[in-house]
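Following: one structure in structure tokens, then a few remarks.
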Amino acid sequence: MIMLDTLARHNRAGGAGMSQYFDMGDETLWNPSNGASRMFQRQAAIFEAELALPSGIGPMENDECQINPDTFETFVNTLLTRYRRTSHAVWLALSESFIATTLVLAERAGVEVNWAQHGATPEAPFEDVQVSTATGMSTPAEHEVWAAGLREKARELGRRMPR
């Protein structure tokens, strides 16, 4: 698991590099700037804690980290399940960009995302449901709407995520 204090110590040391590499084996999936990399790693640590699950994104060492494909696949699908089970506007807004970035990495890594399973109405109880005195309880978006929105955001980001 990536720990926030570990990231802070690593980044204070400062690297000479201008970018970092997220690799799977010998293949580079993403080569972001140091700042974007730090933010993504910190968000991954937050979602690891929220899901009580490792992401499969290894520690950044010498400006490189390895992604474990099996662990990452489990993380991505669990993250989408969690996303599907909420209708809280703030939770969704805070998580959508991280999820879209993760989906770009998942596609590049060949991770299987089970969109049909995630599109079904969740069987488990909803989490972080937003209730308003004006509008009542909100419900999650229909499958086509939420999946299309995430896929489009991932496509847009993918064009801006260098390898």
Side-chain angles (χ1 to χ4, degrees), residues 1-7 20-25 27-33 35-60 64-130 137-163:
M1 235 185 226
I2 298 172
M3 304 306 290
L4 292 177
D5 60 336
T6 301
L7 285 173
Q20 298 183 325
Y21 296 86
F22 290 82
D23 298 333
M24 190 176 70
E27 182 180 359
T28 297
L29 304 178
W30 185 29
N31 177 225
S33 68
S37 176
R38 267 191 317 273
M39 183 173 285
F40 179 75
Q41 290 173 76
R42 288 179 173 147
Q43 288 178 326
I46 289 167
F47 282 97
E48 285 176 332
E50 282 294 310
L51 300 173
L53 190 70
S55 65
I57 300 169
M60 190 62 66
E64 296 178 358
C65 82
Q66 285 290 319
I67 296 177
N68 178 300
D70 296 330
T71 306
F72 190 58
E73 183 170 322
T74 300
F75 178 78
V76 169
N77 282 293
T78 302
L79 183 60
L80 287 172
T81 296
R82 176 70 171 82
Y83 179 85
R84 182 71 173 124
R85 289 177 48 207
T86 188
S87 62
H88 197 286
V90 175
W91 196 98
L92 294 170
L94 289 170
S95 62
E96 280 178 351
S97 293
F98 173 77
I99 293 172
T101 304
T102 301
L103 286 171
V104 172
L105 292 176
E107 180 180 322
R108 291 177 180 180
V111 165
E112 182 178 337
V113 175
N114 190 338
W115 288 103
Q117 175 187 336
H118 298 303
T121 301
E123 293 178 17
F126 293 114
E127 297 179 22
D128 291 316
V129 176
Q130 188 166 7
M137 187 169 84
S138 59
T139 57
E142 292 295 320
H143 167 61
E144 295 79 19
V145 173
W146 81 268
L150 280 177
R151 286 176 155 166
E152 180 57 30
K153 187 176 279 266
R155 272 192 295 278
E156 287 176 26
L157 280 175
R159 290 190 293 267
R160 293 170 174 81
M161 289 175 64
R163 288 181 176 236

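With contacts defined as side-chain heavy-atom distances shorter than 4.5 Å, the pair Phe40/Leu105 qualifies. Inter-residue side-chain proximity for Ser95 and Tyr83 is flagged as met; some heavy-atom pair is nearer than 4.5 Å. Counting only heavy atoms from C-beta outward, the side chains of Trp30 and Ser37 never approach each other to under 4.5 Å.
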Check: residues 156-163 side-chain donor-acceptor pairs under 3.5 Å, at least two apart:
{"from": "Arg160", "atom 1": "NH1", "to": "Glu156", "atom 2": "O", "distance (Å)": "3.0"}
{"from": "Arg163", "atom 1": "NH1", "to": "Glu27", "atom 2": "OE2", "distance (Å)": "3.1"}

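We find the CG-CD1 distance between Leu29 and Ile67 to be 5.0 Å, quoted to the nearest 0.5 Å. To the nearest 0.5 Å, atom OG of residue Ser55 and atom CG of residue Asn68 are 9.5 Å apart. The structure places CD of Glu48 at 10.5 Å from CD of Gln41, a figure rounded to the nearest 0.5 Å. The CD atom of Gln43 sits 10.5 Å away from atom CD1 of Ile99, with the distance rounded to the nearest 0.5 Å.
For the side-chain contact (heavy atoms from CB on, under 4.5 Å) test, no residue two or more places apart in sequence or in another chain qualifies with Glu107. For Glu152, the salt bridge (charged side-chain N to carboxylate O under 4.0 Å, His left out) test picks out Arg155, with sequence neighbours left out. Take Leu51 and apply the side-chain contact (heavy atoms from CB on, under 4.5 Å) test, not counting sequence neighbours, and it matches Leu53, Phe75, Thr78, Leu79, Arg82. Under the side-chain contact (heavy atoms from CB on, under 4.5 Å) criterion, Ser33 pairs with Ala36, sequence neighbours left out. For Asp23, the side-chain contact (heavy atoms from CB on, under 4.5 Å) criterion is met by Tyr21, Thr28, Glu64, Gln66, not counting sequence neighbours.
Listed here is the closest heavy atom pair of Pro59 and Cys65: O-CB, 3.2 Å. Considering all non-hydrogen atoms of both residues, Ala44 and Ile57 come closest at CB-CD1, 4.1 Å. Heavy atoms only, all atoms of each residue included: Thr71 and Pro54 are closest at CG2-O, 3.7 Å.
Using the six-membered ring where Trp is involved, Phe98 and Phe47 have ring planes that are parallel, under 30° apart on the 30 and 60° scheme.
Residue-environment remark: CE (Met24) exceeds the threshold of 12 foreign heavy atoms within 6.0 Å.
Asn77 places a side-chain N or O within donor-acceptor distance of the main-chain N or O of Glu112, the cut-off being under 3.5 Å.
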